Protein chains: 2
Amino acid sequence: MYERKIEENLDCGIYVASRVFGGKWKCCILDAINRGIARPVDICNYISEASKRVIEIQLAELLFFGIIEKCAEDTYPKKSAYTLSEVGKTILPILSQMDEWGLSHSGFIKERQKGIQVS
Amino acid sequence: MYERKIEENLDCGIYVASRVFGGKWKCCILDAINRGIARPVDICNYISEASKRVIEIQLAELLFFGIIEKCAEDTYPKKSAYTLSEVGKTILPILSQMDEWGLSHSGFIKERQKGIQVS
DNA sequence: CATTATACCGAATCTTTCTTCGGTTATTGT
DNA sequence: ACAATAACCGAAGAAAGATTCGGTATAATG
């Protein structure tokens, strides 16, 4: 976790949302957990492009914000297992909407990106 | 605009979405334009916390992606004016959803942030 | 009981993004 | 014509975020 130098504006809802489930991998992590991939190792394997460390950090953050829960009731796993909290589940519809939007416009965006290494 | 060193995964809808309207200020810019704040100066004043430069850059990016349009038909303004494109308008419901989510959970998040300068 | 796997953590480094600052060009208003 | 304002750009550097690497502790396995 990082020390901020510039104050945040938590009065903007969009800012709060991107604070909580923005970032490069948090959505993927939530998606994984929602699919029942509960243990850190499994999440890391599922999102193999991401570094192990960032998944650890973001799991900790999601836990901190109460978006996910760490369960002791280890049915299958050996140790840690995460599930979505009630609050966490309220994020899912937003994620699907974003995913849907992105997928239906990805061709268009890819076209624009072609031959362009900048953004 | 910045030169990327790591390739992007445009096959993930969420990634595409955050590529197009993620970032620190793009949502605010879209919100401003949606409210009829059309000219760059006015947008800068509306989002006074953001630097002028980043608004210029992100306006250019939104224009590049076809999310906004630059209009020559200057009714009121002296020079540039931006409006949401048809594609741009499809983003609005997602923004409201995010805003709504953020606002209804901001108290909770603020509480967690208290006395903590990290995230 | 030694080995292995898992869950974490800290620090250094690197990439991406944002900000600051100093420009140029063109339009507006007097 | 001349200042003032607006739009836009480039480059340097700061800040945020991600990655890499090397740890410790503890639980599972043979």
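Throughout, a chain's letter reflects where its sequence line sits, starting with A, and its residues are numbered from 1. If you're wondering where the values come from, they're calculated on a predicted model, not measured in any experiment.
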Take atom [atom1] of [X] and atom [atom2] of [N], then tell me their distance rounded to the nearest Å.
X	N	atom1	atom2	answer
Glu61(A)	dC9(C)	CD	C1'	15 Å
Ile57(B)	dT19(C)	CD1	P	10 Å
Ile55(A)	dG17(D)	CD1	P	18 Å
Ile68(B)	dA7(D)	CD1	C1'	13 Å
Arg39(B)	dC8(D)	CZ	C1'	14 Å
Ile29(B)	dC8(D)	CD1	C1'	14 Å
Asn45(B)	dT5(D)	CG	P	13 Å
Phe21(B)	dT17(C)	CZ	C1'	18 Å

Please tell me which of the listed nucleotides, dC8(C), dA18(D), dT17(C), lies nearest to the side chain of Arg19(B)?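 So the nucleotide nearest the side chain must be dT17(C).
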Out of dT19(C), dC8(C), dT17(C), minimum distance to the side chain of Lys70(A) belongs to dC8(C)
What distance separates [X] [atom1] from [Y] [atom2], expressed to the nearest 0.5 Å?
X	Y	atom1	atom2	value
Leu92(B)	Ile33(B)	CG	CD1	10.5 Å
Gln58(B)	Cys28(B)	CD	SG	9.5 Å
Asp99(A)	Ile94(B)	CG	CD1	10.0 Å
Ile55(B)	Leu62(B)	CD1	CG	11.0 Å

Should [X] be listed as having a side-chain N or O under 4.0 Å from OP1 or OP2 of [N]?
X	N	answer
Lys52(A)	dC8(C)	no
Lys5(B)	dT17(C)	no
Trp25(B)	dT19(C)	yes
Arg4(B)	dT16(C)	yes
Gln58(B)	dT17(C)	no
Tyr82(B)	dC8(D)	yes
Ser80(A)	dC8(C)	yes

| task | Name all residues meeting the ring-ring contact (aromatic ring centres under 6.0 Å, His included) criterion together with Phe21(A); count only those two or more places apart in sequence or in a different chain, and write none if there are none. | result |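 Here the qualifying residues are Trp101(B).
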query: Under a 4.5 Å cut-off applied to non-hydrogen side-chain atoms, are His105(B) and Phe65(A) in contact?
result: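 No, every pair of side-chain atoms sits at 4.5 Å or beyond.
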>> Roughly what angle, to 10°, lies between the helix axis at the start of the helix from dC1(C)-dG30(D) to dT30(C)-dA1(D) and the one at its end, five pairs per end?
In response: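 Result, rounded to 10 degrees: 20°.
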For Glu7(B), I'd like to know if atom CD has over 12 heavy atoms of other residues, nucleotides or ligands within 6.0 Å.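 No, not enclosed.
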| said: Assess, by modelled atom type and distance only, whether the side chains of Tyr82(B) and Glu69(B) contain a donor and an acceptor separated by less than 3.5 Å. | reply: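 There is no such pair (donor and acceptor under 3.5 Å, judged by atom type) between the side chains of Tyr82(B) and Glu69(B).
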Once hydrogens and angles are ignored, does a donor-acceptor distance under 3.5 Å link the base of dG22(D) to the side chain of Arg53(A)?
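Answer no: no donor N or O sits under 3.5 Å from an acceptor.
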(request) Please tell me which of Leu59(A) and Ala50(B) maps to the more 5' nucleotide of DNA chain C, matching each residue to the nucleotide holding its nearest heavy atom. (result)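 Final value for this comparison: Leu59(A).
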Requested in this report: Take Glu7(B) and Ile6(A), find for each the nucleotide of DNA chain C with the closest heavy atom, and name the residue whose nucleotide sits nearer the 5' end.
Outcome: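 Final value for this comparison: Glu7(B).
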For Glu49(A) and Lys24(B), take the nucleotide of DNA chain D holding the closest heavy atom to each; which residue's nucleotide lies nearer the 5' end?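 The residue closer to the strand's 5' end, by nearest nucleotide, is Lys24(B).
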